[in-house]
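Shown next, in structure tokens, is the structure this report addresses.
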Amino acid sequence: MTDLIQIGLGPWGIDWATKILPQFTDAKVTGWVDASSGARAAFVAETGADPATMYATVEEALEATGAVAAIAPVAIGAHAAVARQVLEAGAHLLLEKPFALDTATARELAGLAAERGLVFGIDQNYRIFPAAPVVRDLLERQAVGTIRRVSLEWHRIHQGVRDSNALVELAIHHFDLMRYLFGREAVAITCVPVRPVQSAQDRTPGASLLVELDGGLTIDYVLSSQGVDAQTPWPGVWRISGDEGLIRWGAAPDDHRAVSISNGDGNTTAIEVPELPLFERAGVLRAFIDAVEGSGAPTSPAADNAHSVAMLEAALTSARTGKSTRVEKW
């Protein structure tokens, strides 16, 4: 049994506590943490959690419970500070994305976890959509030959994206998926936001981007949370064109399991997409718990995910400057 604390008891924290954690019998939350007394009270009222298990600080909760790990569905602006608190206290951590807004901070935090021998995973849950490993396998096997062109479109009217910086809130998912699917790192990004962006805090409901990956592969990427269009699945609608065929992943409205290959004659074959044992965030948490117990690795270790943060930083810089921006490498 793995004892955990959960940090962050707002609406997203309640969602984790009521929908994800009950799926696990080998992990137990022994402490719930939020600096806001109002949030703690609302959490108790909503979930029926024992008030005696409520704590105001990470340090207090870890000391009182003896928990070895933490999950942290906290606001994006608090990610880096919470990560530093947990890691410096000597606990393993599963943190929401993006775990930092710049590459330097991401590398620092990943380094801190490595120095202390701690598991530090990032909740890049789009990797745990059932079709993601299927598409990755098709690409690894070169099922459509050499890849020549890729497009990705995402459209959903979603308040959390529309009223935020869509690059920070959403594009980080797709940047990580690009790296996961193609096994390549990004070289440069050009980003034209729907609204002017000077910082990660500025709101923009969408953007058009050109992402260049190693080997000269480019991805035309459009994300939007405004206007009238068919709703895409959360991972988006992908078209991956190769010399010998076209892979399609995702279909409107909201079909994230649709994968097919079309050949040059126009014949299309649907690709089977098996169910995963656990879906999305539950799959991420499963991998994290296993890693804490010494078996396997997180879905997206922080040291690797820092490269996805580097893509986000480049996109934000391009949005601000209007110029193509190199993605930091190390």
Side-chain angles (χ1 to χ4, degrees), residues 2-24 27-65 67-101 105-106 109 112-113 118-125 159-161 163-165 168-170 172-173 200-201 280-289 292 298-300 302 305 309:
T2 300
D3 287 344
L4 308 168
I5 62 168
Q6 177 177 307
I7 307 158
L9 306 182
W12 194 233
I14 291 172
D15 193 87
W16 268 87
T18 57
K19 295 180 180 179
I20 305 302
L21 288 164
Q23 299 181 48
F24 294 83
K28 179 183 179 183
V29 175
T30 55
W32 308 92
V33 183
D34 201 296
S36 166
S37 60
R40 296 196 300 273
F43 184 86
V44 168
E46 181 71 23
T47 66
D50 183 352
T53 61
M54 298 293 125
Y55 299 94
T57 69
V58 169
E59 295 80 3
E60 180 186 10
L62 289 173
E63 182 177 355
T65 65
V68 300
I71 60 173
V74 296
I76 290 173
H79 285 182
V82 167
R84 193 169 284 108
Q85 283 181 305
V86 173
L87 297 172
E88 288 181 347
H92 307 289
L93 175 62
L94 177 61
L95 183 60
E96 285 285 358
K97 55 73 203 167
F99 78 102
L101 294 174
T105 301
L109 293 171
L112 177 60
L118 297 170
V119 175
F120 184 14
I122 309 304
D123 179 24
Q124 292 286 183
N125 53 301
Q159 183 177 359
V161 176
D163 297 340
S164 69
N165 186 314
V168 175
E169 185 68 34
L170 183 78
I172 182 65
H173 276 302
Q201 287 70 46
E280 205 236 352
R281 284 176 289 157
V284 172
L285 181 56
R286 173 75 275 156
F288 173 71
I289 293 169
V292 169
T299 301
S300 184
N305 193 251
V309 173

- Message: With side-chain hydrogen bond (donor to acceptor under 3.5 Å, both in side chains) as the criterion, how do Asp3 and Thr30 come out once you've worked through the C-alpha distance, each side chain's angles and the decisive distance to 0.1 Å?
- Response: CA-CA 6 Å; Asp3 287 344; Thr30 55; 5.1 Å; no
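The shortest non-hydrogen separation linking Leu4 to Ala67 is C-CB, 3.8 Å. The nearest pair of heavy atoms linking Ala113 to Leu87 is CB-CD2, 4.0 Å. Heavy atoms only, all atoms of each residue included: Gln6 and Leu9 are closest at NE2-CD2, 4.0 Å. Nearest heavy-atom pair, Leu95 versus Ala83, reported as atom, atom and distance to 0.1 Å: CD2-CB, 3.9 Å.
Rounded to the nearest 0.5 angstrom, Trp16 CH2 and Leu21 CG are separated by 7.0 Å. In this structure, CD in Gln23 is found 9.0 Å from CG in Leu285, a value given to the nearest 0.5 Å. The CG atom of Asn305 sits 10.0 Å away from atom CG of Asp123, with the distance rounded to the nearest 0.5 Å. We find the CD1-OG1 distance between Ile5 and Thr53 to be 11.5 Å, quoted to the nearest 0.5 Å. To the nearest 0.5 Å, atoms CD (Glu280) and CG (Asn125) are separated by 4.0 Å.
Between Phe43 and Trp32, the ring planes lie tilted relative to each other; the angle falls in the 30° to 60° range.
At most 12 heavy atoms of other shown residues, nucleotides or ligands fall within 6.0 angstrom of atom CD in Glu63.
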Could you list the donor-acceptor pairs under 3.5 angstrom formed between side-chain atoms of residues 68-82 and any protein atom two or more places apart in sequence or on another chain?
unit_1, atom_1, unit_2, atom_2, d
His79, ND1, Glu96, O, 3.4
His79, ND1, Pro98, O, 2.6
His79, NE2, Val74, O, 3.0

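Side-chain contact between Pro298 and Val119 is present, with at least one heavy-atom pair separated by less than 4.5 Å. Between Gln124 and Val284 there is no side-chain heavy-atom pair separated by less than 4.5 Å. Ile7 is not listed as a side-chain neighbour of Gln85, based on a closest heavy-atom distance of 4.5 Å or more. Using a 4.5 Å heavy-atom cutoff, the side chains of Tyr55 and Thr65 are in contact. Looking only at side-chain heavy atoms (C-beta outward), Thr2 and His92 stay at 4.5 Å or farther from each other.
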